[in-house]
Amino acid sequence: EVQLVESGGVLVQAGGSLRLSCAASGFTFDDSVIGWFRQAPGKEREGVSCINLRDGSSRYADSVKGRFTISSDNRKNAIYLQMSSLEPEDTAVYYCAARIRGLLNWASLQAIWYDHWGQGTQVTVSS
């Protein structure tokens, strides 16, 4: 059974930093893509970043480029989202998602492309 468990979401002040973690299990880690998404109240789910677990290649949404960094530790089956220079607009529930046996492509920041989802972790950035 595929499981994705996010953690690390907290209340942080604007300008601060935060690292989210996604613990993954139940699938071939090196053959998959993991994405980070976020959803703010009243808004659609937005793709933030994604990473190919085989070669570490990644993509970012324009809204987070230069501020967020995605990484993975394949030995621990963990994926991280390091967030810095946080803004109130970054407030959302953050989700990790897995596409099993996938490669990065134009759809990799679209929610519909992913097979499995975690339950989410709340990030709140105060001004």
Side-chain angles (χ1 to χ4, degrees):
E1 179 186 3
V2 175
Q3 288 193 330
L4 301 166
V5 181
E6 303 94 336
S7 61
V10 293
L11 171 65
V12 63
Q13 288 189 334
S17 299
L18 191 60
R19 190 178 81 160
L20 303 182
S21 300
C22 173
S25 62
F27 61 96
T28 304
F29 204 69
D30 291 348
D31 198 25
S32 302
V33 173
I34 298 293
W36 280 101
F37 290 78
R38 65 186 182 186
Q39 188 165 20
K43 294 187 177 181
E44 292 187 356
R45 192 165 294 191
E46 173 192 17
V48 173
S49 182
C50 54
I51 185 168
N52 182 322
L53 298 177
R54 178 179 296 274
D55 62 11
S57 57
S58 59
R59 293 182 59 198
Y60 295 90
D62 289 343
S63 57
V64 305
K65 278 182 182 176
R67 300 190 299 122
F68 290 11
T69 302
I70 193 169
S71 63
S72 68
D73 185 337
N74 290 21
R75 296 170 301 173
K76 296 181 179 179
N77 281 16
I79 305 93
Y80 308 102
L81 186 68
Q82 179 68 46
M83 306 185 293
S84 60
S85 302
L86 284 163
E87 305 166 352
E89 293 73 24
D90 295 316
T91 295
V93 177
Y94 282 71
Y95 301 88
C96 65
R99 169 66 181 243
I100 310 302
R101 290 183 293 278
L103 297 173
L104 289 186
N105 59 58
W106 64 270
S108 299
L109 284 177
Q110 297 187 18
I112 195 171
W113 191 67
Y114 288 83
D115 307 310
H116 305 278
W117 291 83
Q119 83 290 347
T121 186
Q122 175 71 48
V123 173
T124 303
V125 184
S126 63
S127 57

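Index from 1, following the sequence.
By the criterion of side-chain heavy atoms lying less than 4.5 angstrom apart, applied directly or through intervening Ile, Leu, Val, Met, Phe, Trp or Tyr residues, I70 is grouped together with F29 in one hydrophobic cluster. Hydrophobic clustering of Ile, Leu, Val, Met, Phe, Trp and Tyr side chains at less than 4.5 Å, counting indirect connections, keeps W117 apart from V5. Residues V48 and L53 fall within the same hydrophobic cluster, defined by Ile, Leu, Val, Met, Phe, Trp and Tyr side chains chained together at heavy-atom separations under 4.5 Å. Under the 4.5 Å side-chain heavy-atom criterion for grouping Ile, Leu, Val, Met, Phe, Trp and Tyr, Y94 is connected to I51 within one hydrophobic cluster. Cluster annotation: Y114 and L104 are assigned to the same hydrophobic cluster (Ile/Leu/Val/Met/Phe/Trp/Tyr, side-chain heavy-atom contacts under 4.5 Å, transitive).
For T91 (side chain) and V125 (main-chain N/O), a donor-acceptor pair under 3.5 Å exists by modelled atom type. The backbone N or O of A78 sits nowhere less than 3.5 Å from a side-chain atom of S72 that would complete a donor-acceptor pair. Formation of a donor-acceptor pair under 3.5 Å by the R101 side chain with backbone atoms of T28 is not found in this model. Listed for the R99 side chain is no donor-acceptor partner under 3.5 Å among the backbone atoms of V33.
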V123 and L18: CA distance, side-chain angles, deciding distance, side-chain contact (heavy atoms from CB on, under 4.5 Å) verdict: CA-CA 9 Å; V123 173; L18 191 60; 3.9 Å; yes
Full working for side-chain contact (heavy atoms from CB on, under 4.5 Å) between S7 and T121: CA-CA 6 Å; S7 61; T121 186; 5.6 Å; no
Residue pair L81, S49: steps toward the side-chain contact (heavy atoms from CB on, under 4.5 Å) verdict: CA-CA 8 Å; L81 186 68; S49 182; 4.3 Å; yes
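Taking every heavy atom of both residues into account, A40 and A92 meet most closely at N-CB, 3.8 Å. Across all non-hydrogen atoms, the minimal contact from G47 to A61 is O-CB, 3.3 Å. In terms of heavy-atom proximity, A24 sits nearest to L4 at CB-CD2, 3.7 Å. Annotation for A107 and R59: closest pair N-NH1, 4.3 Å, computed over non-hydrogen atoms. In plain terms, the two heavy atoms of L103 and S108 that are nearest each other are O-OG, 3.9 Å. In terms of heavy atoms, A98 sits closest to F27 at CB-CZ, 4.2 Å.
Looking at L20 and E6, their side chains never come closer than 4.5 Å, going by heavy atoms from C-beta outward. The shortest side-chain heavy-atom distance between T69 and Y60 falls under the 4.5 Å cut-off.
Between atom OG of residue S71 and atom CD1 of residue I79 there is a gap of 9.0 Å, rounded to the nearest 0.5 Å. I34 CD1 to C96 SG: the interatomic distance, rounded to the nearest 0.5 Å, is 6.0 Å. Atom CE of residue M83 and atom CZ of residue R19 lie 11.5 Å apart, to the nearest 0.5 angstrom. Once rounded to the nearest 0.5 Å, the distance linking CZ of R45 with CZ of R38 reads 13.0 Å.
Counting only N and O atoms by type, the side chains of S63 and E89 include no donor and acceptor under 3.5 Å apart.
You'll find the ring centres of W36 and F68 outside the 6.0 Å limit.
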